[in-house]
**Student:** 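The structure that follows is given in the form of structure tokens.
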Amino acid sequence: MPRDASELSRRLARHAEAVCRHYLSNGRRRGRYWTVGDVRNTPGRSMFVRLNGPESGPGAAGHWTDAASAEYGDLLDVIRESCGLVDFRDVADEARRFLSLPQPELCRAPTSVRTPVPAGSPEAAQRLFAVSRSISGTLVATYLRNRGIRNLRGTGSLRFHPRCYYRPEGDGPTESWPAMVAAVTDLEGTITGAHRTWLARHGSGKAPIDTPRRAMGGLLGHAVRFGAADDVLAVGEGIETMLSLHCAVPAMPMAAALSANHLAALLLPPTLRRLYIARDADAAGDTALAALTERAEAAGIETLALSPRRGDFNEDLRTFGVHALRRTLHIQLTPQDGVRFMRGGAVETR
């Protein structure tokens, strides 16, 4: 069994094309090379991987160069970057899994690329978000379009991870699925947690797994934010719910608390004077609305409920369209906020 990086790299190089087809699936073979946009599996042609050659030295199989960024490396680097891994132990385990080699048990792990952090911690959430990439042109954009959400401006708190690990409950094997990764931040903008929505391979919907949504890190009081709040803010539970409102009223700052319980406990900016709460039409939504309204009004903040016509605002968007949703919201905003935030009209993009 290979025990070090060089031996694992040599074994991967013997199957260079299979490695590329699996981890760099957005590329294609061109003669003796596999070409792709970059080592994180972005579509394009600037990175090329040599598919055959000697085991080591110049021209070795599995060595790659990115002409755009001047990065270079071997197939272990491909696995690390395309899977968003940090510690060498995880990279080696993934390489052994691909090669169907036995997993080491009581052996010393090679030196980590970074200091390990506790699983599920705020630091782990920060690292996950850091190794993910912009949602532009990815399965996240496809997924959101299928939910009727076409305005993706101002969504920097969302990123895409092509192979995000999913660990089922119990003793099931770890899987990897594409995922929408959302940064959960505090009032100062510090990432305290991350929310993952695992997606189907073609972005048609959520992945066919038991729990396609999970959060990690510090969530209580914090939120996924779209825009910087000052005196007015709209809040609600789900990311898709708030993005639906964002399509209709793109100028208004918004925040998704991720659940009814977290919505009730959301921390509010000290400059806030008016809060809109987008309620889900269920018992949990009513409870969260009442609790947050009580807290906000005790702090001297005017509070107004935004009510959907159906179960939630994403259902309204998909059923009635963005312009009908905009009309529904217009009559629920104060006159001054209607002028301030709805003057430019709804934004629809391809």
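Not measured: the values here are computed from a predicted model.
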**Student:** So which residues get pulled into L289's cluster when ILVMFWY side chains under 4.5 Å apart are joined, directly or through others?
**Tutor:** L233, V235, L263, L266, L268, L272, L275, I277, L292, I301

**Student:** Shortest non-hydrogen contact from F129 to G156?
**Tutor:**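 Closest approach of F129 to G156: CZ-O, 3.6 Å.
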
**Student:** Would a distance-only check, ignoring hydrogens and angles, find a side-chain to backbone donor-acceptor pair under 3.5 Å from N146 to Y143?
**Tutor:**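 No.
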
**Student:** Under 4.0 Å between a Lys/Arg side-chain N and an Asp/Glu carboxylate O for R80 and E94?
**Tutor:** no

**Student:** Are any side-chain N or O atoms of H161 and backbone N or O atoms of C83, one a donor and one an acceptor, separated by less than 3.5 Å?
**Tutor:** yes

**Student:** Between W198 (side chain) and C164 (backbone), is there a donor-acceptor pair under 3.5 Å?
**Tutor:**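 A pair under 3.5 Å: yes.
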
**Student:** Would you check if there is a donor-acceptor pair between the side chains of E188 and T190 at a distance under 3.5 Å?
**Tutor:** no

**Student:** State whether the number of non-hydrogen atoms from other residues, nucleotides or ligands found under 6.0 Å of H22 atom NE2 is greater than 12.
**Tutor:** yes

**Student:** Taking atom CZ of R29 as the centre, does the number of heavy atoms from other residues, nucleotides or ligands within less than 6.0 Å exceed 12?
**Tutor:** yes

**Student:** Check whether more than 12 heavy atoms from other residues, nucleotides or ligands sit under 6.0 Å from atom CZ of R201, and answer yes or no.
**Tutor:** yes

**Student:** State whether the number of non-hydrogen atoms from other residues, nucleotides or ligands found under 6.0 Å of E297 atom CD is greater than 12.
**Tutor:** yes

**Student:** May I ask you to decide if R310's main-chain N or O and E315's side chain share a donor-acceptor pair within less than 3.5 Å?
**Tutor:** no

**Student:** Between F48 and T65, is any pair of side-chain heavy atoms under 4.5 Å apart?
**Tutor:** yes

**Student:** Do the side chains of Y166 and T211 get nearer than 4.5 Å, heavy atoms only?
**Tutor:** yes

**Student:** So, using side chain to side chain donor-acceptor pair (under 3.5 Å) as the criterion, who are the partners of R21 when residues are at least two apart?
**Tutor:** E17

**Student:** Does a salt bridge link R340 with D231, judged by any charged N lying under 4.0 Å from a carboxylate O?
**Tutor:** yes

**Student:** Under 3.5 Å, which donor-acceptor pairs link side chains of residues 174-182 to any protein atom two or more places apart or in another chain?
**Tutor:**
residue: E175; atom: OE1; partner: W177; partner atom: NE1; Å: 2.7

**Student:** So does L152 get a backbone contact from the side chain of T155, meaning a donor-acceptor N/O pair under 3.5 Å?
**Tutor:**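 A pair under 3.5 Å: yes.
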
